[in-house]
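To find a chain, count down the sequence lines: A is the first, B the second, and so on, and within it residues start at 1.
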4 protein chains.
Amino acid sequence: MRDGAGTKQKIHETALRLFVDKGVPQTTVRDLAKAAGIAEGTLYRHYASMNDLIWELFSSNYTAFAHRLTAAQSDREGFAARLEAIIAEFCRFFDAEPVLFRFLMLVQHQTLPRVANDDDNPVEIVHRLLAQAEQAGEIPSRPPGLAASLVLGLVLQPAFALVYGRLDAPFSQYAPAITAAALAALGSADHA
Amino acid sequence: MRDGAGTKQKIHETALRLFVDKGVPQTTVRDLAKAAGIAEGTLYRHYASMNDLIWELFSSNYTAFAHRLTAAQSDREGFAARLEAIIAEFCRFFDAEPVLFRFLMLVQHQTLPRVANDDDNPVEIVHRLLAQAEQAGEIPSRPPGLAASLVLGLVLQPAFALVYGRLDAPFSQYAPAITAAALAALGSADHA
Amino acid sequence: MRDGAGTKQKIHETALRLFVDKGVPQTTVRDLAKAAGIAEGTLYRHYASMNDLIWELFSSNYTAFAHRLTAAQSDREGFAARLEAIIAEFCRFFDAEPVLFRFLMLVQHQTLPRVANDDDNPVEIVHRLLAQAEQAGEIPSRPPGLAASLVLGLVLQPAFALVYGRLDAPFSQYAPAITAAALAALGSADHA
Amino acid sequence: MRDGAGTKQKIHETALRLFVDKGVPQTTVRDLAKAAGIAEGTLYRHYASMNDLIWELFSSNYTAFAHRLTAAQSDREGFAARLEAIIAEFCRFFDAEPVLFRFLMLVQHQTLPRVANDDDNPVEIVHRLLAQAEQAGEIPSRPPGLAASLVLGLVLQPAFALVYGRLDAPFSQYAPAITAAALAALGSADHA
DNA sequence: AATGAATGAGTTTTCATTCAT
DNA sequence: TATGAATGAAAACTCATTCAT
């Protein structure tokens, strides 16, 4: 009888690392067990299946990140300040937990084509922020969803560039430039 | 002697469709053979392996698209005109061959973490365009690679939004807005 | 319509070469067609199946060699002279058609554990020669079959040694030494 | 946890039996699994591949037999005594483990055209014994490798004869006759 | 809670043979 | 006679999951 909590933690870390290194479907239970230093069967003491592990890893962290984004906005007033807070939060998260961040990007595009559009969804939070800004007249109106996509692109594509070595870490150093680019792109009045 | 070229074409079309519908690693030879109406063994008369098929499908089309981007720029003068041409070409490609476009996006992120940075690479073409504009003083300088990532994000994220149903087709309708957003984001003088 | 006889000949030569190089079961129709410069289907114009080809190649040549052994003995009188003739004939055959010789050795041990013990069988010819010599009192009697096995070993094992590079070609240079060894081993009166 | 060692032993025994009965390349994983009473996948928990199994089965036993030959010679003085010991050891091995002996003969000719010529190789041991005897003047000199081939032939060909039913078991009953034949064939002074 | 051998359905790939041209 | 694309059964191998310990 070993330290159950420690084992689960080790599974988490190892799984994330393998998932981003080799891809989610390319990571086998055997790979995971070997890398984590546990027996293959031990995984099933903690998760009902490999899919369960993936899903739990994704959804809990995706939700937690959504909450961080919501919290980051909470004490900001006005669109520009909120946008800045959100972009800064993306960058902080990437720098603090790059493997986890990459995993969330990976799974979102590969494994889960469509995630519930609820409050606990970072993408949805960005969409709501932009929709409110358009309604409030802080930025010009665009076709529904376009503004949010533009902002997400300005944030996520540089994140990919860091992953692929086209940009140097840390991500946070680019936060002001990205925020400025976003405000300009959207035609915000706050863009100096 | 049966029609080998026709079979190969059918394999192409079916593979692309399945890859974007189910994901690349989730598509089995059996799936492909069944959907294409061929025997499993027939695939191996045209490709050495499933991986070969994926790679050939990716690289030939990725290269072809890079050539289209290069051609689209060729008769344009000045950064703004070239950027407009490239963005329009992305949109046209997406509208003309959405399945192929999605496949290229998919594989680029999943299967091929790093693609050679040569002339036949669409991402590289965008990087070069932005680097030249910075050197020519047409846009302010940023850390190397950042400007290109911003532009790519402004184009590709709306493409994902179309795929996920957050934006309505056709993609081309957004080309002017995306171009304007990019010029503004970059601080181009051509941005009215 | 090409030269049918020429094609068949090319199939023979190529098949023998591949069989001894890679082993019989390891040689595929595709290998053969490629190496012979014919289409895969063409094989079936000349043979009902791959097994047919192997069998025909083996049996016709095995029989032909048996006939050569019989002919070589025909004008010799006495055991020693006949043994000498047979050993010389083995060596001549090996030197003239090494690939064919190796193929016959190969198939005999691998593919066909038991070949009919009839007059057209080289092994059987050696057995009969030795049985007659024992009956005629030209050599001492041994358990049935032992003398023939000793002689065959003295001939075939050096043949393998040539194949594996432990002995230098030509095989015929060793014929006198092998004959002398055989006569001595058997206790023949003709052994000086 | 089930009994891994027992399973591996069962795989060994079953594989050897099937290999000699049907031939090595003719034995499939399915055959083996069925005959051994295990699932097909179980093989791969013990061996990386079918080829691995064949190679491990061959090399470990080939080496072990070489060690037995070396041990058999160790307390013998003079060429004749050593040759006798070696031949007796071949016969004892054949009688004790006929399936294993046949497997080693089979694989040596079929699967492994060339085995490393080191100390752990039975063929090499015979070659060294003969070379020493020639150098010591205990037997007349012959072209390099010829004497050893003659001796190997005198031993192995009768072994094949037993396999093919041309000679009756046990092999050991022929050991004196084979030894005498070898000494006579080589022109040893110890040959009465 | 942990182990790791065993399972068996599923995967990719091979290949002798057939068939339309 | 020749071609080579197509077939489909069978091959080797993989892998999430189960089970006895």
Side-chain angles (χ1 to χ4, degrees), chain A residues 1-8 25-34 37-53, chain B residues 1-8 25-33 36-53, chain C residues 1-8 25-34 37-53, chain D residues 1-8 25-33 36-53:
Chain A
M1 190 164 43
R2 314 276 172 73
D3 176 9
T7 300
K8 195 159 183 172
Q26 285 81 23
T27 300
T28 70
V29 173
R30 199 176 225 181
D31 290 336
L32 177 53
K34 195 173 191 176
I38 60 170
E40 294 179 45
T42 301
L43 175 67
Y44 295 87
R45 296 278 147 202
H46 299 274
Y47 296 95
S49 72
M50 190 71 166
N51 266 343
D52 252 51
L53 166 62
Chain B
M1 207 161 38
R2 290 78 165 265
D3 174 20
T7 301
K8 196 160 184 172
Q26 286 81 22
T27 301
T28 70
V29 174
R30 184 169 293 175
D31 291 336
L32 176 51
I38 60 170
E40 293 181 40
T42 301
L43 174 67
Y44 294 88
R45 191 156 284 276
H46 297 276
Y47 297 95
S49 70
M50 191 71 166
N51 265 345
D52 248 53
L53 166 62
Chain C
M1 191 165 42
R2 314 275 174 72
D3 177 7
T7 300
K8 197 160 183 171
Q26 285 80 23
T27 301
T28 70
V29 173
R30 198 174 224 183
D31 290 335
L32 176 52
K34 195 172 192 177
I38 60 169
E40 295 179 44
T42 301
L43 175 67
Y44 295 86
R45 296 278 146 201
H46 300 275
Y47 297 95
S49 72
M50 190 72 167
N51 266 343
D52 252 51
L53 166 61
Chain D
M1 210 162 33
R2 291 77 165 266
D3 175 22
T7 302
K8 197 160 184 173
Q26 285 81 20
T27 301
T28 71
V29 173
R30 184 168 293 176
D31 291 336
L32 176 52
I38 60 170
E40 292 181 42
T42 300
L43 175 67
Y44 294 89
R45 191 157 283 277
H46 297 277
Y47 296 96
S49 70
M50 192 70 166
N51 265 345
D52 249 52
L53 166 62

Heavy-atom pair of closest approach, residues Ile38(B) and Leu43(B):
CD1-N, 4.2 Å
Closest approach of Pro25(C) to Gln26(D) (non-hydrogen atoms, all atoms of both residues)
CG-NE2, 3.5 Å
Checking N1-N3 plus N6-O4 or O6-N4 for Watson-Crick, or N1-O2 and O6-N3 for wobble, each under 3.5 Å, the partner of dG8(F) is dC15(E)
Mate of dA20(E) where both pairing distances stay under 3.5 Å, Watson-Crick or G-U:
dT3(F)
Which part of the nucleic acid does [X] contact within heavy-atom distance under 4.0 Å: base, sugar-phosphate only, or nothing?
X: Ile38(B); answer: sugar-phosphate
X: Thr42(A); answer: base
X: Val29(B); answer: base

From [options], nucleotide with atom closest to [X] side chain:
X: Glu40(A); options: dA12(F), dT17(F), dT17(E); answer: dT17(F)
X: Tyr44(D); options: dA5(E), dT18(E), dT14(F); answer: dT14(F)
X: Thr7(D); options: dA6(E), dT17(E), dA2(E); answer: dA6(E)

Provide, to the nearest angstrom, the distance between the [atom1] atom belonging to [X] and the [atom2] atom belonging to [N].
X: Met50(C); N: dT18(E); atom1: CE; atom2: P; answer: 14 Å
X: Leu32(A); N: dT17(F); atom1: CG; atom2: C1'; answer: 14 Å
X: Leu43(A); N: dA1(E); atom1: CG; atom2: P; answer: 13 Å
X: Asp31(C); N: dA16(E); atom1: CG; atom2: P; answer: 8 Å
X: Lys8(B); N: dG4(F); atom1: NZ; atom2: P; answer: 15 Å
X: Arg45(C); N: dA16(E); atom1: CZ; atom2: P; answer: 18 Å
X: Arg30(D); N: dA11(F); atom1: CZ; atom2: P; answer: 6 Å
X: Tyr47(B); N: dT12(E); atom1: OH; atom2: C1'; answer: 17 Å

In the structure I gave you, are the side-chain heavy atoms of Leu32(D) and Met50(D) within less than 4.5 Å of one another anywhere?
yes
Spacing of Thr28(A) atom OG1 and Lys34(A) atom NZ [to the nearest 0.5 Å]:
9.5 Å
If you measure from NE2 on His46(A) to CG on Leu53(A), what distance do you get to the nearest 0.5 Å?
11.0 Å
Please figure out whether Ser49(A) or Ala48(D) has its closest DNA chain F nucleotide nearer the 5' end.
Ala48(D)
